[in-house]
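What follows is a set of notes on a single structure, which appears directly below.
FYI, side chains are in, hydrogens and waters are out, and symmetry mates aren't considered; it's all heavy atoms of this structure. Per chain, numbering begins at 1; letters A, B, ... match sequence-line order.
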Protein chains: 2
Amino acid sequence: MMAGLRERKKEQTRRRIAETALRLFAERGYDEVTVNEVAEAAGVAKVTLFAYFATKECLVLDEVKEDMARIVTERAPGLSPLGALRAHYRAFAEGAGEIDADSLLARVRVISGSPALLAGVHQAHAGQRYELAAALEREPGDLTAHLLAAQITAVITTLQEQFFHRLACGAPLAEAGWRLAGEVDVAFDLLEHGFAASYGDKS
Amino acid sequence: MMAGLRERKKEQTRRRIAETALRLFAERGYDEVTVNEVAEAAGVAKVTLFAYFATKECLVLDEVKEDMARIVTERAPGLSPLGALRAHYRAFAEGAGEIDADSLLARVRVISGSPALLAGVHQAHAGQRYELAAALEREPGDLTAHLLAAQITAVITTLQEQFFHRLACGAPLAEAGWRLAGEVDVAFDLLEHGFAASYGDKS
DNA sequence: TTTGAAATTGAACCCGGTACGCTTTATGCT
DNA sequence: AGCATAAAGCGTACCGGGTTCAATTTCAAA
């Protein structure tokens with residue numbers, strides 16, 4: 001396989017666009033920057049920009065795609081779906097200190113500052129819900145699987161919001177990490193054992 | 001309070017726009033109809049249309065706003081939040097047979113047929129999540145309340161999807177209703193007691 | 001009946017996104 | 001090395017949702 005000057009240039013262009021976009025958004029806010037400006041600042045035509053990123057949102061969100069379904073389908077044997085997801089998010093939380101803080105923080109602030117992008121994140125999670133439901137389904141039309149998938153994505157969305165909110169407020173990454181770890185456990189315990197003790201009828 | 005010729009005309013105009021829109025969308029599909037066409041068919045200027053409906057989505061979704069938060073805050077004394085919500089959705093499911101089927105069905109088919117509108121529904125539910133979380137919060141920053149709110153909205157979204165899907169596939173309203181009633185109970189039982197029995201680690 | 005606020009309008013405009021046809025450039029083949 | 005080809009990029013015009021603004025109509029209150 002050749003080095004491929006062409007492919008290198010392509011990835012380079014893509015990165016240049018994404019970085020330019022994130023920088024401009026961080027400076028002036030997502031809604032205050034037009035895609036034309038991004039394209040021009042990246043030295044590229046608008047059409048070319050949209051050849052790399054399907055929508056304006058993708059400029060920010062494409063780099064951050066998760067796939068919960070894979071965590072379930074590729075889990076270690078003997079581990080339950082819930083166990084696998086809990087372990088994955090615990091591991092992320094505990095390893096949060098080692099992430100490139102600057103890049104993450106800029107992205108988080110841009111996202112948190114724009115309703116449109118927050119909506120985009122919700123949409124992405126809604127999309128994952130279907131894949132996760134498919135991965136959890138034990139028989140066609142398994143209602144419990146769909147409910148579980150919905151609840152898991154809802155929980156992850158909530159935890160991510162808390163995490164983002166703390167980062168956006170200036171908390172150091174390490175601290176946000178270990179607080180997240182605790183919250184992951186609270187959340188998965190509730191998923192497994194329910195809210196009857198906290199919010200249900202006394203019975 | 002006067003009858004108000006002006007206000008009557010206003011509501012009349014609003015309804016004319018909404019009905020025209022729903023009819024056109026049902027005939028040709030949401031994405032194939034332009035807001036200009038809706039405005040023209042309703043005998044009104046585009047600007048006027050947007051004075052009544054903030055976005056194109058609102059033409060379909062504004063009539064269908066729920067408010068889960070109110071169900072919680074105005075629940076009967078002695079009833080838990082989860083109990084109140086379960087009762088409310090059971091009551092809806094059991095009374096489904098008495099709804100105006102034609103109007104509902106048209107709307108459901110339009111919504112189900114357009115990714116953009118489905119996304120809009122998700123957005124609306126996400127918005128409710130915040131209000132519901134606020135209604136459930138027992139102290140500032142109550143993580144459990146936010147998790148519960150997220151899971152409830154996720155569950156309701158899922159149940160609504162099942163319900164819509166069945167209606168869109170031609171199931172009679174009464175049948176879809178009683179199936180929904182059973183699903184409501186399954187869903188709230190899982191919310192109260194968790195998924196450990198179905199999906200957790202054997203322990 | 002005058003007066004003022006609310007409703008409505010047309011037209012121009014902004015922005016995200018697409019269609020089309022054209023140039024440039026890397027690459028694989030001879 | 002040279003050439004054909006396909007990919008990458010470009011300019012422009014266009015579309016549809018949504019806003020702005022100044023001008024006009026219409027109800028209602030004094």
Discussion item. Quick check on DNA chain C: between B:Val44 and A:Thr55, whose nearest nucleotide comes earlier from the 5' end?
Written reply: B:Val44
Practice prompt. Look at the side chain of A:Tyr89 and the backbone N and O of A:Asp185, then say whether any donor-acceptor pair between them is shorter than 3.5 Å.
Written response: no
Worksheet item: Quick one: the side chain of B:Lys46 and the base of C:dG10, do they pair up donor-acceptor inside 3.5 Å?
Response: no
Item to complete: Might you confirm whether atom CZ of A:Arg28 has over 12 heavy atoms from other residues, nucleotides or ligands at distances under 6.0 Å?
Response: yes
Discussion item. So, does A:Thr13 get its side chain near the phosphate of D:dG9, meaning an N or O under 4.0 Å from OP1 or OP2?
Written reply: yes
Practice prompt. Could you tell me whether A:Val47 contacts a base, only the sugar-phosphate backbone, or nothing, with contacts defined as non-hydrogen atoms closer than 4.0 Å?
Written response: base
Discussion item. What is the distance, to the nearest angstrom, from the CG atom on A:Leu49 to the C1' atom on C:dG16?
Written reply: 11 Å
Worksheet item: Is there a donor-acceptor contact under 3.5 Å linking the side chains of B:Tyr52 and B:Arg16?
Response: no
Practice prompt. Please state how far atom CG in A:Asn36 lies from atom C1' in C:dG17, giving the value in whole angstrom units.
Written response: 11 Å
Discussion item. Please classify the nucleic acid contact of A:Val33 as base, sugar-phosphate, or nothing, using heavy-atom distances under 4.0 Å.
Written reply: sugar-phosphate
Fill in: C:dC15 phosphate, OP1 or OP2, under 4.0 Å from A:Thr34 side-chain N/O
no
Worksheet item: Whole-Å distance between D:dG9 P and A:Gln12 CD?
Response: 10 Å
Worksheet, complete the sentence: DNA chain C nearest-nucleotide lookup for A:Val35 and B:Gly43: closer to the 5′ end is B:Gly43
Fill in: Whole angstrom value for the distance that separates C1' of C:dA7 from CD of B:Glu11
15 Å
Worksheet item: With sugar-phosphate meaning primed atoms plus P, OP1 and OP2, does A:Phe53 contact a base, only sugar-phosphate, or nothing at under 4.0 Å between heavy atoms?
Response: nothing
Worksheet item: Please give, in whole Å, the distance from C:dA7 P to B:Lys10 NZ?
Response: 4 Å
Discussion item. Could you tell me how far apart B:Lys56 (NZ) and D:dC15 (P) are, to the nearest whole angstrom?
Written reply: 16 Å
Worksheet item: Does the side chain of B:His125 pick up a donor-acceptor pair with the side chain of B:Thr157 at under 3.5 Å?
Response: yes
Worksheet entry | Nearest-Å distance for atom pair CZ/C1', residues B:Arg8 and C:dA6 | 17 Å
Fill in: Phosphate OP1/OP2 of C:dA26: any A:Lys9 side-chain N/O under 4.0 Å
yes
Discussion item. From CD of A:Glu40 over to P of D:dG9, roughly how many Å is that when rounded to an integer?
Written reply: 17 Å
Worksheet entry | Smallest separation among heavy atoms of A:Ile111 and A:Leu118, with atom names | O-CG, 3.6 Å
Practice prompt. Would you indicate, yes or no, if C:dA7 has its OP1 or OP2 atom less than 4.0 angstrom from a side-chain nitrogen or oxygen of B:Tyr52?
Written response: no
